[in-house]
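Lettering of chains follows the sequences in order, A, B, ..., and the numbering in each one begins at 1. Remember, it's a predicted structure, so these values are computed and weren't measured experimentally.
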Amino acid sequence: MNITINGKETTLAENPARTVESLLEELDVAQRQYVTVELSGEILERDAFGNTPVQDGDALEFLYFMGGGR
Amino acid sequence: MLTDEQIERYSRHIMLKEVGGKGQQRLFDGRVLIIGAGGLGAPIALYLAAAGIGTLGIADADDVDLSNLQRQVIHFTPDVGKPKVESAREKMEAINPAVRVRTYKEWVNAANITDIIRDYDFVIDGTDNFAAKFLINDACVLAGIPYSHGGILQFDGQTMTVKPGESACYRCIFPEPPPKDAIPTCSQAGVIGVLPGVLGTIQATEAIKFLLGKGELLTNRLLTYNALRMKFREIPLKRNPACPVCGEHPTITEVKDELDALTVCDLKS
């Protein structure tokens with residue numbers, strides 16, 4: 001299946017059980033425990049990661065903490 | 001009324017139809033607070049002084065360190081050891097003696113931030129830790145003062161402009177700070193020296209546009225930049241009804257220090 005992650009098309013093996021939570025693990029996403037996920041323009045509550053399926057055609061944005069400035 | 005000297009100094013602004021003499025006067029009447037006189041704060045302070053923003057506040061409790069000079073272009077080698085706000089003030093006044101620079105040699109915290117920001121039209125976050133970033137967001141949202149968020153790390157940067165009550169705030173995206181030391185800081189993970197120049201200049205641009213009332217602010221979008229891949233991206237955002245500070249049922253109704261995040265940057269910045 002094909003999804004878009006941070007604007008980049010990505011092909012993943014079919015996996016009907018894939019959730020946002022398992023995707024973060026599968027892709028070893030940086031700041032996995034803290035990253036904010038936007039799915040189709042909506043920010044997902046962290047509590048919902050485990051029961052939100054990832055479907056073909058989904059567009060996800062991972063928003064990372066950046067704390068530097070000085 | 002602008003003097004002849006001012007008309008010459010700002011001639012490249014005044015010839016822009018979006019600025020003109022009227023716009024330049026608005027900039028001169030404008031008051032912008034820069035929190036952090038470091039990587040982001042350096043280009044912000046220099047450009048806003050050059051642009052003729054009439055009142056510029058700059059807050060930072062730190063002294064200039066040798067390791068700052070690779071990116072904090074407002075501080076020069078002979079400034080090492082000097083308070084950053086004093087070093088910054090000297091350069092800002094040298095660029096433009098007409099600008100009124102107000103220095104705050106202190107860290108912002110829940111006890112002082114509301115009093116400091118109330119004298120300003122626009123606030124810019126150039127800090128290096130999450131405690132300050134969340135505090136600035138909360139204080140500006142609660143006081144209804146627009147501000148620019150900026151964050152950098154290694155080769156990556158992000159920025160967004162917040163118009164309280166109108167656009168998404170920092171907590172709409174990141175409801176809580178990460179635990180202390182969970183996310184590396186520039187002092188721990190490094191930062192390419194030119195990066196804050198890019199991000200800070202964008203933040204300064206937002207302040208100028210806000211004062212002019214021209215163009216579209218970077219609201220409801222997070223601009224991300226990666227210097228290695230030389231890519232800018234824009235992530236559309238909207239206000240989060242569950243936001244703890246600007247949502248429908250806010251749980252944060254007064255500024256507070258995020259104690260768990262306070263010592264994120266306990267190494268030399």
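For B:Q154, no part lies near chain A; criterion is any non-hydrogen pair under 4.5 Å. In this structure, no portion of B:D125 lies under 4.5 Å from any heavy atom of chain A. Looking at B:L222, the atoms closer than 4.5 Å to chain A (heavy atoms on both sides) all sit in the side chain, from C-beta outward. Proximity to chain A involves both the backbone and the side chain of B:L237, based on heavy atoms less than 4.5 angstrom apart. Of the two parts of A:Q33, neither the backbone nor the side chain holds a non-hydrogen atom closer than 4.5 Å to a non-hydrogen atom of chain B. In this structure, the portion of A:I43 lying under 4.5 Å from any heavy atom of chain B is its side chain and not its backbone.
A cation-pi contact links B:K91 to B:F76, judged by a cut-off of 6.0 Å to the six-membered ring centre and 45° from its axis.
Taking the charged nitrogens against the carboxylate oxygens, A:E61 and A:K8 have no contact shorter than 4.0 Å, which rules out a salt bridge. Salt bridge annotation for B:D62-A:R70: present, with a cationic side-chain nitrogen under 4.0 angstrom from a carboxylate oxygen.
Ring centroids of B:F232 and B:Y225 are separated by less than 6.0 Å, placing the two rings close together.
No other option in B:I173, B:N240, B:T224 has as many heavy-atom pairs under 4.5 Å with chain A as B:I173.
Panel note: side chain A:D56, backbone A:M1; no donor-acceptor pair is recorded below 3.5 Å. When atom types are taken as modelled, the side chain of A:S22 and the backbone of A:R18 share no donor-acceptor pair closer than 3.5 angstrom.
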